[in-house]
**Q** 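Starting off with a structure, shown below.
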Amino acid sequence: MNKRQALVQSLAVFDARERLVDWNPGFVEEFADAASIVAQGVSARDISSACLLPERALDLGWSLYGAPPQRFEYINNRRSISVAQHLGVNGHIFRVAQSTHATPPLHAGMLDENAELLRSAALQISAAVLKRREQETLRLHELALKDGLTGIANRRYFDEFLDIEWQRCKQSQLPLSAIFIDIDYFKAYNDLYGHLNGDVCLKAIASTLKDHLHRPGGLVARYGGEEFTCLLPGADLGEATQKAEELEQAVRALAIPHEKSGALPIVTISLGVATVPCITGSDTSVLVKAADLALYKAKAAGRGCVRSTLCTSPC
Ligand SMILES: Nc1nc2c(ncn2[C@@H]2O[C@H](COP(=O)(O)OP(=O)(O)OP(=O)(O)O)[C@@H](O)[C@H]2O)c(=O)[nH]1
């Protein structure tokens, strides 16, 4: 144990609303009377009320009396404890308690040195706590936006992305294009080769689409089932149609056998492209509906092909 760890005997972090965010075993030990309620989100006031000893209630007194007090000392269980509280980023309050009895300062200079060490340890720990929580939030957010099977973005991500890009293209007066993609005769594929092979096929197509999108700011997502979608901010109808044709060829080049396909003896995709050349309104579903209709036309035209449409009415 290094000097800093030894100094910090009890550490707790409260958020700006004085709710417990993180704590160490020393904190649970120190507030043993309230140990059963120590949990994330519990207020300092509740912990304070659960304490039998008045000094402890005083210790968490900022929840009752406003701003955190300056460094102070109290005798608790015949131990002398020095408590320091610091305000950190986002209004977080770091409460650090140190037993002064166990390590009595030899002279005033040493007390100052300890105080500084204590403070920097608290800030370091609090920064680590915050970073860990931010990373966890980010990880959960990513998980919620990723398709579990293929690892590409899911429909929720696509919807969020569409909202953002719609606004961005509207402001910069850029066109916005979408490509809707559907695997042909995929039910027959599953029936013939089995659902697990169907999953392998979906993954192969997802990664091919992703690898071939090659467009800064573009997105490929799994829209649901055997449907995928691409969003191409800034692409006009010609560029988006060309990209759709490239994607169609790339999937064809995989040459995944499909003996029951009504198009070719390999897996093919149908693609519908739609472009809003100049966004004026706020209804993003216009683009989705138009791309879906173009996809329907590609299916009707025999599958394994691209159909495109320009959204001309104001949207
Ligand atoms: N293996 C597998 N199959 C899926 C998954 N999600 C959807 N499917 C299958 O995709 C098939 C889609 O079938 P349909 O909507 O009838 O379309 P299709 O057979 O591709 O026919 P067309 O689109 O008209 O060419 C269904 O059999 C679904 O079970 C999945 O995650 N894994």
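Read the numbers this way: they start at 1 and go in the same order the structure lists the ligands and their atoms.
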**Q** With heavy-atom distances below 4.0 Å as the criterion, list the atoms of ligand 1 near R303.
**A**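 In order of numbering, the contacting atoms are 22 (P), 24 (O), 25 (O).
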**Q** R222 near ligand 1, heavy-atom distance under 4.0 Å?
**A**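 Heavy atoms of R222 do come under 4.0 Å of ligand 1.
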**Q** Among side-chain atoms of S270 and D182, is any donor-acceptor pair under 3.5 angstrom?
**A**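 There is no such pair between these side chains.
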**Q** May I ask you to identify the nearest protein heavy atom to atom 30 (C) of ligand 1, giving residue, atom name and distance to one decimal place in Å?
**A**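 Nearest neighbour among protein heavy atoms for atom 30 (C) of ligand 1, to 0.1 Å: L202 CD1, 3.3 Å.
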**Q** Does Q173, at its CD atom, have more than 12 non-hydrogen atoms belonging to other residues, nucleotides or ligands within less than 6.0 Å?
**A**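 It does not: Q173 CD has 12 such atoms or fewer within range.
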**Q** Return a yes/no value for F186: is any of its N or O atoms, backbone included, closer than 3.5 angstrom to an N or O of ligand 1?
**A**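 By distance alone, the answer is yes.
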**Q** Any chance the rings of F27 and F31 have centres within less than 6.0 Å?
**A**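 Ring centroids of F27 and F31 are less than 6.0 Å from each other.
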**Q** Show your reasoning for whether salt bridge (charged side-chain N to carboxylate O under 4.0 Å, His left out) applies to K243 and E239.
**A** CA-CA 6 Å; K243 182 51 78 181; E239 197 186 333; over 6 Å; no
**Q** Ignoring hydrogens, just give me the one of K187, K203, E226 whose non-hydrogen atom is nearest atom 15 (O) of ligand 1.
**A**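 Result: the heavy atom closest to atom 15 (O) of ligand 1 is in E226.
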**Q** Tell me: protein heavy atom nearest atom 22 (P) of ligand 1, and distance?
**A**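 Of every protein heavy atom, K299 NZ, 3.4 Å lies nearest to atom 22 (P) of ligand 1.
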**Q** What about Y189 and F186, are their ring centers closer than 6.0 Å?
**A**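 Yes.
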**Q** Return the residue, atom name and 0.1 Å-rounded distance of the protein heavy atom closest to atom 32 (N) of ligand 1.
**A**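 Looking at atom 32 (N) of ligand 1, the protein heavy atom closest to it is D199 OD1, 2.7 Å.
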**Q** Which of the atoms in ligand 1, numbered in the order shown and given with their element, are less than 4.0 Å from a heavy-atom of D184?
**A**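 Counting from 1, the qualifying ligand atoms are 20 (O), 25 (O).
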**Q** With heavy atoms under 4.0 Å as the rule, classify the contact between N190 and ligand 1 as side chain, backbone, both or neither.
**A**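 N190 to ligand 1: side-chain contact only, backbone stays beyond 4.0 Å.
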**Q** Within the supplied structure, the quantity of interest is the number of heavy atoms (other residues, nucleotides, ligands) at a distance under 6.0 Å from Y296 OH; does it exceed 12?
**A**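 Atom OH in Y296 is not crowded, with 12 or fewer foreign heavy atoms closer than 6.0 Å.
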**Q** Do we get R19 above F14's six-membered ring, with its NZ or CZ under 6.0 Å from the centre and within 45° of the axis?
**A**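 No, R19 and F14 do not form such a contact.
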**Q** How far is atom 21 (O) of ligand 1 from its nearest protein heavy atom, and which residue and atom is that?
**A**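 The closest one turns out to be Y185 N, 3.7 Å.
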**Q** With a 6.0 Å cut-off (strictly less than), is the heavy-atom count around CD of Q242, excluding the residue itself, greater than 12?
**A**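 Not more than 12 within 6.0 Å, no.
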**Q** Could you tell me whether I183 approaches ligand 1 through its side chain, its backbone, both or neither, with non-hydrogen atoms closer than 4.0 Å?
**A**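 Only the backbone of I183 comes within reach of ligand 1.
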**Q** Under 3.5 Å, is there a donor-acceptor pair linking the side chains of D147 and T150?
**A**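 Yes - a donor-acceptor pair under 3.5 Å links their side chains.
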**Q** Which atoms of ligand 1 sit under 4.0 Å from any heavy atom of G198?
**A**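 Going through ligand 1 atom by atom, the ones under 4.0 Å from G198 are 1 (N).
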**Q** Among A263, G225, A300, which residue places a heavy atom closest to atom 7 (C) of ligand 1?
**A**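 It is G225 that holds the nearest heavy atom.
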